[in-house]
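Owing to the predicted nature of the structure, the values given are computational and were not obtained by experimental measurement.
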Amino acid sequence: MADKVLTVCPYCGSGCQLHLLVDKGQVIGAEPAGGRTNEGTLCLKGHYGWDFLNDPQILTARLRKPLIRKNGVMEEVEWEEAIQYTAERLLAIKEKYGPDSIMGTGSARGPGNEANYVMQKFMRAVIGTNNIDHCARVCHGPSVAGLTYSLGDGAMSNSIPEIEHSDLIFVFGYNAPETHPIVARRIVAAKQRGAKIIVCDPRMTETGRISDMWLPLKGGSNMALVNAFGHVLVHEGLYDKRYVEANTEGFAEYVESIKKYTPEYAEGITGVKAADIRAAMREYAKAPTATILYGMGVCQFSQAVDVVKGLASLALLTGNLGKPNVGIGPVRGQNNVQGSCDMGALPNVYPGYQDVTDSTVRKKFEKAYGVELPRKKGYPLTEVPHLILKENKLKAYYIFGEDPVQSDPNAAELREALDQLEFVVVQDIFMNKTALHADVILPSTSWGEHDGVYSSADRGFQRIRKAVEPQGDVKPDWAIISEVATAMGYPMSYANTEEIWDEMRSLCPLFAGASYQKMEEQGDVQWPCPTEDHPGTPYLYKGNQFSTPSGKGRLFACEWRPPQEQPDEKFPLVLSTVREVGHYSVRTMTGNCRALRQLSDEPGFIQVSPEDGADLNILDGEIVAISSRRGRIMARAQISDRVQQGATYMTYHWWVGACNELTADFLDPVSKTPELKYCAIRLERIADQAQAERDVHESYQRIRKQMNVQEAVLADRVTR
C-alpha cells in the first residue's frame with residue numbers, strides 16, 4: 001500500500017493541498033486533500049503534475065550534477081569545485097566592479113519561502129546589494145505597487161473560499177478556468193448560489209460564458225473603462241457617501257480626474273456600449289457584497305499600476321472592503337509568487353514588506369545579519385537587458401529558479417544580454433533555455449524532494465513536505481546558496497527549513513506568529529499573524545483600518561494612455577500572451593508529465609478570429625508564421641469565434657512557438673512590468689504545410705538536444 005505525504009500543489013497560487021502517493025521511493029499518484037482553498041478537489045495539474053519527479057525525460061532531463069563551462073563546453077564537476085568556482089568569480093566581480101554589478105533572482109516556482117529568504121539574505125548581506133527580484137515583476141508587480149498605495153497591502157484583501165459567498169463577482173482581465181481552476185469552481189458555486197457575474201475581457205472566456213454581463217473591451221483600454229465605472233458611481237450617486245467620507249481620501253481629486261470619462265466618451269475608446277457600462281456599475285453598487293478578481297489582463301500593460309489603483313477605488317467607493325465576502329483579489333499566478341514577495345525577493349523591501357530605505361528597519365536587519373546593508377533600492381529584473389547592453393552596469397547574474405529567456409519579453413535581446421555578461425549562474429532542476437547561456441549550473445532538489453512553506457494567493461502559509469529522495473547529486477536551494485555564501489567568507493549554515501523560517505519571522509512583525517507548529521495545527525496560517533496566540537487573518541482592513549500612512553484608503557484615477565506599440569500596415573494585428581490549463585510557466589515541469597503532455601504540444605497555438613482567418617486564407621490547425629519587430633516564429637492556427645477581429649492570443653509555454661520572441665519590453669513606469677498583453681504582429685500563411693510540419697519537428701528536436709546538455713551528463717538516465 002502506498003504511503004501518503006501531505007503537501008501543497010506547486011502549480012498556481014490557489015494553494016491546494018494534496019497527498020502524494022509514494023511506493024518504493026517513487027511517486028505513483030496524487031489525491032486531493034481537505035485544504036482550506038480546495039476542500040478535497042484538484043485540477044488537472046494537481047492530479048497529474050507529479051510525474052516529472054520520476055524523470056520520464058519527455059521534454060528534457062533533470063540536472064544531476066554541477067556543471068561548469070570549460071573551453072565553451074559544459075562539464076560535470078563535483079560540488080566543492082562548483083561552489084568554490086562560483087564564490088571566487090562573484091568575489092572577483094564584486095571587487096572589480098562593486099556589489100551593484102551583480103544581479104540575483106528569487107524563485108516562485110517551487111523552492112519555497114525559506115530558499116527565497118536565504119537568497120535575499122545572500123544578495124544583501126554577502127554580495128552587498130538590493131539587486132534581488134523575481135517573476136512577480138512580470139506578473140503581479142503592479143498589484144504590489146498599486147494595492148500598497150491604495151490600501152496598504154499588496155495582496156488579496158479576502159480569502160479564496162469567500163468568493164463563492166459574494167453576491168456579485170466582478171472579473172476583470174482574468175481567466176480563472178485556465179489559470180486557477182479551483183478558484184473558477186468558487187465562481188461557479190457563487191453563480192449557483194445566485195450571485196451576479198460581470199466579466200470584462202476582450203475574449204469570450206469560460207467565465208464570460210456563464211456571466212450575467214460580458215463587457216468585451218478593446219485590448220489596452222483598461223484605464224478608460226475603469227474611469228468610466230467610477231464616473232457612473234459618482235455621477236449617478238451610487239457610491240457609499242458615508243463610507244467614502246469616513247474611510248477614504250482624495251475624493252475631490254478623483255472626481256475631477258474622472259470628469260470627462262462619461263460612458264459615451266469611454267465607449268469611443270473601449271468599444272463597450274455606454275448602456276452596458278452603466279448597467280454593470282448599477283449592479284455592482286447595489287450588491288450587498290461584491291468581490292473584484294483580476295489577473296494578467298490588468299497587470300501586463302504599461303499602465304497597469306494605474307488600473308490596479310482604479311479598481312481598488314471602485315471597492316472603496318462602494319464600501320466593499322473590511323468585511324467578509326467582499327474586496328479585491330489579485331489572484332497570483334505561480335504557486336509561490338506571493339511567498340517570494342513575502343520573503344523580500346524584491347529590490348525595494350526586506351522580508352515582510354519592510355522598506356530597504358527605512359533606516360530603523362535596516363538597522364534591525366544589520367544587527368541580525370551582522371553586516372552593514374546597502375541603502376538604496378536595487379534593480380528590477382525587467383531592466384536587466386538595458387542595464388547590460390545600454391548602461392554596462394551589470395556584470396554577473398545569479399539566476400535561481402527562473403527561466404527569463406522563455407518567460408520574459410523580447411527574448412533575443414535577453415539572450416544577447418546574457419552572452420555579454422562576464423558570469424552567469426543558473427540554479428535549477430531542469431536544463432532550460434536560460435541555462436544554455438550559463439557559466440555554471442547548480443542542480444537543486446524539486447518540489448516533492450524538500451520541505452518548506454508556500455504562500456497561497458490569499459496570504460496563507462502552508463507546509464510543503466518531502467515525499468521522495470532526489471535522484472542524482474543535487475542539493476536543496478537554501479543549502480546551495482548557504483554554501484556559496486560560506487565560501488565567499490560569510491558563514492551561513494542552517495540545520496533545516498524550520499530554523500530558517502524562525503529567523504525570518506523573528507524579523508517580520510506581519511509573520512511573527514506563523515510558526516510551523518501553528519501551520520500543523522491549523523492547516524495553514526493567513527498573514528498578518530503578529531503573535532503566537534493570533535490565529536491569522538482571513539480578511540484585511542477589519543473596521544476599515546487601512547495600512548496606508550493615514551489609515552484611509554486612497555482614491556485614484558488618471559488619464560488613459562494607449563499601449564506603447566500600435567499596429568500598422570506592416571504589423572496589422574495585436575498579440576496578447578495567455579495561459580492554458582494543462583501547462584505551467586516555462587513548461588519544464590508539466591512538459592515532463594505524461595498525462596499533461598497529451599493535452600497539447602509544440603509548436604503551440606495562436607488564436608485567430610474567423611474574420612482574420614478568412615482574410616488571410618488560413619485554416620484551423622495549419623502552421624502559420626508570426627512576426628513582430630523583434631522576431632519570427634511558427635505556431636498552429638486556432639480559429640476561434642471567442643476572439644475579436646484584429647486580436648490574437650498565444651500561450652507562452654512553448655519552445656518552437658515561443659511568443660516571447662515577439663513581445664515588446666515596454667514597461668509600466670512604476671512597477672516595471674512589461675506590456676505582454678499588447679504588441680503588433682503580422683500573421684502569414686505557409687503554403688507548403690508538409691515542409692512547415694517538418695520544420696517544427698526539426699526545431700523541436702534541435703532544442704531538445706541542446707537541453708540534454710551532452711550524452712556524458714545523461715549517462716545515468718532513468719529507464720523510461
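With no hydrogens or angles considered, a side-chain donor-acceptor pair links Asp342 and Ser455 at under 3.5 Å. For the residue pair Ser159 / Gln526, a side-chain donor-acceptor distance below 3.5 Å is found, with atom types taken as modelled. Checking Asp306 against Gln303 by side-chain atom types alone, a donor-acceptor pair falls below 3.5 Å. At a cut-off of 3.5 Å, with distance as the only test, no side-chain donor of Ser407 or Glu402 sits close to an acceptor on the other residue. In the model, Lys364 has a side-chain atom that pairs as donor or acceptor with a side-chain atom of Gln354 under 3.5 Å.
Here Arg137 does not pair with Asp408 in a salt bridge; the nearest charged N to carboxylate O distance is not below 4.0 Å. The existence of a salt bridge linking Glu178 and Arg579 is excluded, since no basic side-chain nitrogen approaches an acidic carboxylate oxygen closer than 4.0 Å. Looking at Glu283 and Lys286, a side-chain N of the basic residue comes within less than 4.0 Å of a carboxylate O on the acidic one, giving a salt bridge. In this structure, Asp212 pairs ionically with Lys191, as a charged nitrogen and a carboxylate oxygen lie closer than 4.0 Å. The pair Lys376-Asp100 meets the salt-bridge criterion, since a charged nitrogen lies less than 4.0 angstrom from a carboxylate oxygen. Residues Glu164 and Arg193 are paired through a salt bridge, judged by an N-O separation under 4.0 Å between the basic side chain and the carboxylate. Looking at Arg124 and Glu366, no side-chain N of the basic residue comes within less than 4.0 Å of a carboxylate O on the acidic one, giving no salt bridge. Using a cut-off of 4.0 Å between Lys/Arg side-chain N and Asp/Glu carboxylate O, Arg278 and Glu264 are scored as salt-bridged. The pair Glu206-Arg209 meets the salt-bridge criterion, with a side-chain N (NZ, NE, NH1 or NH2) lying under 4.0 Å from an Asp/Glu carboxylate O.
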Handout entry: Stepwise side chain to side chain contact (heavy atoms under 4.5 Å, CB included) test for Thr357 and Arg375
Key = CA-CA 6 Å; Thr357 64; Arg375 293 170 177 256; over 6 Å; no
Practice problem: Take Glu532 and Arg505, measure what salt bridge (Lys or Arg N to Asp or Glu O under 4.0 Å) needs, and give me the verdict at the end. | Solution: CA-CA 11 Å; Glu532 293 288 349; Arg505 65 192 183 98; 3.0 Å; yes
**Q.** Leu316 and Phe546: CA distance, side-chain angles, deciding distance, side chain to side chain contact (heavy atoms under 4.5 Å, CB included) verdict
**A.** CA-CA 11 Å; Leu316 287 167; Phe546 296 98; 3.6 Å; yes
Please determine whether side chain to side chain donor-acceptor pair (under 3.5 Å) holds for the pair Glu675 and Ser302, giving the CA-CA distance in whole Å, both sets of side-chain angles, and the decisive distance to 0.1 Å.
CA-CA 5 Å; Glu675 195 154 57; Ser302 60; 2.8 Å; yes
Open item on the list: Determine whether Val244 and Leu317 satisfy the following criterion, side chain to side chain contact (heavy atoms under 4.5 Å, CB included), listing intermediate values before the conclusion.
Closed with: CA-CA 6 Å; Val244 168; Leu317 286 168; 4.0 Å; yes
- Output, in order, the C-alpha distance, side-chain angles, deciding distance and verdict of side chain to side chain contact (heavy atoms under 4.5 Å, CB included) for Gln545 and Asn247. CA-CA 8 Å; Gln545 292 297 307; Asn247 301 300; 5.9 Å; no
Ser143 and Tyr294: side chain to side chain donor-acceptor pair (under 3.5 Å), yes or no, with the steps? CA-CA 10 Å; Ser143 296; Tyr294 70 88; 2.7 Å; yes
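Taking the six-membered ring for Trp, Phe461 and Trp501 have ring centres closer than 6.0 Å. Aromatic ring centres of Tyr174 and His180: separated by under 6.0 Å. For Tyr254 and Tyr239, the gap between ring centers reaches or exceeds 6.0 Å.
Under a cutoff of 6.0 Å and an axis angle of 45°, Arg362 and Tyr350 do not form a cation-pi pair. Taking the ring centre of Tyr649 as origin, the terminal cationic atom of Arg203 falls inside the region bounded by 6.0 Å and 45° from the ring axis.
A side chain to side chain contact (heavy atoms under 4.5 Å, CB included) with Leu225 holds for exactly one of Ile277, Ile269, Val307; it is Ile277. Phe229 pairs in a ring-ring contact (aromatic ring centres under 6.0 Å, His included) with only one of the listed residues (Phe170, Tyr261, Tyr284), which is Phe170.
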